[in-house]
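As structure tokens, the structure follows; a few thoughts come after it.
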Amino acid sequence: QVQLVESGGGSVHTGGSLRLSCAASGRSFSDHAMAWFRQAPGKEREFIAAIAWSDDKTLYEDSIKGRFTISRDNAKNMVYLQMNSLKVEDTAVYFCAARFGRPESIRASYWYWGQGTQVTVSG
């Protein structure tokens, strides 16, 4: 079955960096888009970034533009989220997700989800 496994979370200070990884397995993802979402305590899960598996199309949420970069390694079936200039408000559980088709920001359009990895940013 499809599995998405996130890793790379941790605790950093304001201004620090982290790189999250998502290992995808269980099927071909060549016709899928991959995305990162996050969920802070007491808040809705929100879209962060998405990338097409087959070309360079990316999509970003406005508040993280210029700080976060999504990328992929097709040969390894990996998706990454490079997070720089982290802020306290970036603290959340970060989830990897996959959907058939093009990148979208709508949570309900994603079929597959990982278990999440915690990112904590302290001032």
Side-chain angles (χ1 to χ4, degrees):
Q1 73 268 23
V2 172
Q3 270 199 314
L4 302 177
V5 180
E6 303 95 336
S7 60
S11 297
V12 296
H13 291 296
T14 301
S17 297
L18 282 173
R19 189 176 84 149
L20 305 184
S21 299
C22 173
S25 63
R27 62 157 295 142
S28 169
F29 290 91
S30 61
D31 51 0
H32 281 61
M34 307 296 291
W36 289 95
F37 287 74
R38 68 184 179 188
Q39 188 167 17
K43 294 190 176 182
E44 297 275 324
R45 192 171 298 187
E46 64 175 357
F47 170 77
I48 295 297
I51 188 167
W53 201 263
S54 57
D55 58 33
D56 292 333
K57 171 68 176 178
T58 57
L59 203 61
Y60 289 98
E61 193 273 329
D62 286 343
S63 72
I64 58 87
K65 279 182 182 176
R67 297 192 299 124
F68 292 8
T69 303
I70 189 170
S71 62
R72 70 188 190 282
D73 183 331
N74 289 4
K76 296 181 179 179
N77 266 17
M78 297 289 294
V79 180
Y80 305 99
L81 185 69
Q82 178 67 43
M83 305 188 296
N84 299 327
S85 303
L86 282 162
K87 304 175 181 180
V88 171
E89 51 264 42
D90 294 319
T91 295
V93 178
Y94 284 71
F95 296 89
C96 179
R99 71 180 298 273
F100 176 78
R102 303 297 292 166
E104 290 281 354
S105 61
I106 301 171
R107 183 182 68 190
S109 70
Y110 285 83
W111 299 359
Y112 307 111
W113 292 86
Q115 293 300 306
T117 185
Q118 176 71 47
V119 171
T120 302
V121 185
S122 57

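The analysis underlying the following values was restricted to heavy atoms, covering all of them including side chains, and did not include hydrogens, waters or symmetry mates.
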Going from [atom1] on [X] to [atom2] on [Y], what distance comes out if it is rounded to the nearest 0.5 angstrom?
X: Phe47; Y: Trp36; atom1: CZ; atom2: CH2; value: 13.0 Å
X: Arg27; Y: Gln3; atom1: CZ; atom2: CD; value: 14.5 Å
X: Met78; Y: Cys22; atom1: CE; atom2: SG; value: 7.0 Å
X: Gln82; Y: Ser21; atom1: CD; atom2: OG; value: 9.5 Å
X: Tyr60; Y: Phe68; atom1: OH; atom2: CZ; value: 10.5 Å
X: Thr120; Y: Leu86; atom1: OG1; atom2: CG; value: 10.5 Å

Geometric cation-pi criterion, Arg19 with Tyr80: 6.0 Å, 45°: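 Here Arg19 passes the 6.0 Å and 45° test against Tyr80.
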Does the ring of Phe95 carry Arg45 above it, NZ/CZ under 6.0 angstrom from centre and within 45° of its axis?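 Yes, Arg45 lies over the aromatic ring of Phe95.
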Checking side-chain contact (heavy atoms from CB on, under 4.5 Å) between Met34 and each of Asn77, Ile70, Leu4, which is the one that passes?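 It is Leu4, the one option of Asn77, Ile70, Leu4 that forms the side-chain contact (heavy atoms from CB on, under 4.5 Å) with Met34.
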Ignoring hydrogens and geometry beyond distance, is a side-chain donor-acceptor pair present between Ser85 and Arg67 at under 3.5 Å?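 Per modelled atom types, Ser85 and Arg67 side chains form no pair under 3.5 Å.
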Under 4.5 Å between side-chain heavy atoms, counting indirect links through other Ile/Leu/Val/Met/Phe/Trp/Tyr residues: same cluster for [X] and [Y] or not?
X: Phe37; Y: Val5; result: no
X: Val93; Y: Trp113; result: yes
X: Tyr110; Y: Val79; result: no

Are the side chain of [X] and the backbone N or O of [Y] linked by a donor-acceptor pair below 3.5 Å?
X: Arg99; Y: Arg102; result: yes
X: Glu6; Y: Thr117; result: no
X: Thr58; Y: Ile51; result: no
X: Glu46; Y: Arg38; result: no
X: Asn74; Y: Trp53; result: yes
X: Glu104; Y: Ile106; result: no

Of all heavy-atom pairs between Ala92 and Ala40, which one has the smallest distance, and what is that distance?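 The answer is CB-N, 3.8 Å.
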Any idea which heavy atoms bring Ser54 and Ser30 closest together, and the distance?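 Of all heavy-atom pairs spanning Ser54 and Ser30, the closest is CB-O, 3.7 Å.
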Between Asp90 and Lys87, is there a side-chain N and carboxylate O pair less than 4.0 Å apart?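 Here Asp90 does not pair with Lys87 in a salt bridge, since their nearest N and O are not under 4.0 Å apart.
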For atom CG of Asp55, is the number of surrounding heavy atoms from other residues, nucleotides or ligands below 6.0 Å larger than 12?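 For Asp55, atom CG is crowded (more than 12 foreign heavy atoms under 6.0 Å).
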Other residues, nucleotides, ligands: >12 heavy atoms within 6.0 Å of Glu89 CD: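 Above 12, so yes.
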Is there side-chain contact between Tyr112 and Gln1, with heavy atoms separated by less than 4.5 Å?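 Side-chain contact under 4.5 Å: no.
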Given the rule in the side chain to side chain contact (heavy atoms under 4.5 Å, CB included) test, do Arg72 and Phe29 qualify, once you have shown the distances and angles that lead to the verdict? CA-CA 11 Å; Arg72 70 188 190 282; Phe29 290 91; over 6 Å; no
